[in-house]
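What follows is a short report on a single structure.
Small disclaimer: the values here were computed from a predicted structure and weren't measured.
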Amino acid sequence: MRIKFPFDSSRPVAGEASIEIDKSIHDVFSFIGEHFFDNYPKWAQEVVEFEPLDGKQVFVGAKAKQVRKDSGAEVESVFEITDYQPFIKLIFQGLTAPYKHSYLLASGEQAQPTHLTFRFELLELEVFMRPFEKLIRVAIEDGAENTVENIKNLIAAECN
């Protein structure tokens with residue numbers, strides 16, 4: 001007999017945040033996409049070690065290793081860029097841990113501002129962590145808000 005849990009342990013836990021950046025989509029994508037391997041550790045402040053594994057060229061399949069400090073513990077993972085479409089999106093996914101980061105860009109009829117959406121997905125959650133899903137989601141959403149704010153502030157500082 002199979003035990004049925006009142007939740008789906010394979011359902012992702014996600015958080016998303018958006019922000020308007022008063023720069024062209026080309027400037028924003030240059031910072032996030034084209035110079036990802038240089039700039040990612042700047043906006044992901046919890047990253048304490050970062051190493052591109054295939055050089056600094058950004059392409060689908062490029063990998064990097066990172067060590068993040070999460071709640072006092074250092075967590076190492078390797079990720080791979082899974083989708084790279086200039087001026088539209090950059091997505092990478094963990095190979096050694098179940099997560100996905102998505103950076104999605106859009107602009108209106110006028111060249112500015114650029115609308116940036118960042119989405120973080122924890123693709124799997126251990127069964128023993130499911131009771132804490134709401135707390136985890138709140139933490140992910142807070143992290144997503146911090147990420148878009150950090151990117152906006154860094155781009156404003158760099159482009160002045």
Side-chain angles (χ1 to χ4, degrees), residues 11-71 74-125 134-160:
R11 187 181 70 243
V13 179
E16 184 175 292
S18 296
I19 200 163
E20 301 288 321
I21 300 174
D22 198 26
K23 297 289 178 190
S24 73
I25 199 166
H26 291 83
D27 288 344
V28 175
F29 190 80
S30 176
F31 185 82
I32 293 171
E34 293 168 7
H35 299 284
F36 172 76
F37 290 119
D38 292 320
N39 293 328
Y40 173 68
K42 295 176 187 175
W43 75 71
Q45 296 173 334
E46 62 283 351
V47 173
V48 293
E49 291 178 37
F50 184 70
E51 178 188 357
L53 300 175
D54 300 306
K56 291 198 174 186
Q57 178 89 22
V58 180
F59 58 91
V60 171
K63 295 174 186 68
K65 181 172 84 170
Q66 67 178 347
V67 177
R68 301 171 69 92
K69 194 150 202 151
D70 289 328
S71 302
E74 289 191 354
V75 180
E76 181 178 307
S77 68
V78 174
F79 64 79
E80 175 179 43
I81 294 176
T82 58
D83 198 344
Y84 180 74
Q85 295 181 36
F87 314 112
I88 298 171
K89 65 182 158 182
L90 168 70
I91 299 173
F92 66 85
Q93 188 164 328
L95 297 175
T96 58
Y99 61 85
K100 182 160 88 172
H101 289 223
S102 302
Y103 301 87
L104 311 169
L105 291 88
S107 64
E109 299 280 322
Q110 312 299 335
Q112 294 176 205
T114 297
H115 184 82
L116 169 65
T117 299
F118 169 69
R119 180 174 176 83
F120 176 83
E121 297 174 69
L122 193 52
L123 301 174
E124 294 174 13
L125 197 57
K134 286 182 183 174
L135 289 172
I136 293 167
R137 182 172 287 110
V138 167
I140 289 172
E141 289 170 356
D142 286 348
E145 290 289 340
N146 289 339
T147 296
V148 295
E149 285 290 336
N150 289 346
I151 291 171
K152 180 178 181 173
N153 293 337
L154 287 164
I155 289 173
E158 189 171 279
C159 294
N160 286 335

Exercise. Take L104 and R119 through the test side-chain contact (heavy atoms from CB on, under 4.5 Å) and record every step on the way to the result.
Key: CA-CA 8 Å; L104 311 169; R119 180 174 176 83; 5.6 Å; no
Self-check item: I140 side, atom CD1; F120 side, atom CZ - distance, nearest 0.5 Å
Solution: 5.5 Å
Self-check item: Nearest heavy atoms of E74 and V48, plus distance in Å
Solution: OE2-CG2, 4.1 Å
Exercise. Measure the OH-OG1 distance between Y103 and T147 for me, rounded to the nearest 0.5 Å.
Key: 6.0 Å
Quiz item: So how far is it from L105 CG to F118 CZ, rounded to the nearest 0.5 Å?
Solution: 12.5 Å
Quiz item: Is the F92 ring parallel, tilted or perpendicular to the Y99 ring (thresholds 30°, 60°)?
Solution: perpendicular
Exercise. Return the minimal non-hydrogen interatomic distance between D54 and K63, and the atom names on each side.
Key: OD2-N, 2.8 Å
Quiz item: Is it true that E46 and K69 make a salt bridge, defined as a side-chain N closer than 4.0 Å to a carboxylate O?
Solution: no
Self-check item: Check: Q93 and L123 side chains under 4.5 Å, non-hydrogen atoms
Solution: yes
Self-check item: Criterion side-chain contact (heavy atoms from CB on, under 4.5 Å) on K23 and F29, from CA distance to verdict
Solution: CA-CA 10 Å; K23 297 289 178 190; F29 190 80; over 6 Å; no
Quiz item: Is the side chain of D83 donor-acceptor paired with the backbone N or O of I91 at a distance under 3.5 Å, no angle test?
Solution: no
Exercise. Provide the closest heavy-atom pair for E80 versus L95 in the form atom of the first, atom of the second, distance.
Key: OE1-CD2, 3.7 Å
Exercise. Could you please spell out the steps behind the side-chain contact (heavy atoms from CB on, under 4.5 Å) verdict for I151 and I19?
Key: CA-CA 10 Å; I151 291 171; I19 200 163; over 6 Å; no
Exercise. Please name all residues satisfying side-chain hydrogen bond (donor to acceptor under 3.5 Å, both in side chains) with E149, sequence neighbours left out, ordered by chain then number.
Key: none
Quiz item: Between the main-chain N or O of E20 and the side-chain N or O of K152, is there a donor-acceptor pair closer than 3.5 Å?
Solution: yes
Practice problem: Quick one: closest heavy-atom pair of H101 and Y40, and the distance? | Solution: CE1-OH, 3.8 Å
Self-check item: Nearest heavy atoms of N150 and W43, plus distance in Å
Solution: ND2-O, 3.0 Å
Exercise. Drop me the distance from R68's CZ to S77's OG, to the nearest 0.5 angstrom.
Key: 7.5 Å
Quiz item: How long is the span from the OG1 atom in T96 to the NZ atom in K65, to the nearest 0.5 Å?
Solution: 10.0 Å
Quiz item: Do the ring planes of F50 and F36 sit parallel (below 30°), tilted (30 to 60°) or perpendicular (above 60°)?
Solution: perpendicular
Exercise. Indicate the atoms forming the closest heavy-atom contact of F37 with Q57, along with that distance.
Key: CE1-O, 3.4 Å
Exercise. Mind running side-chain contact (heavy atoms from CB on, under 4.5 Å) on E158 and K42 for me, showing each step along the way?
Key: CA-CA 12 Å; E158 189 171 279; K42 295 176 187 175; 4.1 Å; yes
Quiz item: How many angstroms lie between atom OG1 of T82 and atom CG of L90, to the nearest 0.5 angstrom?
Solution: 8.0 Å
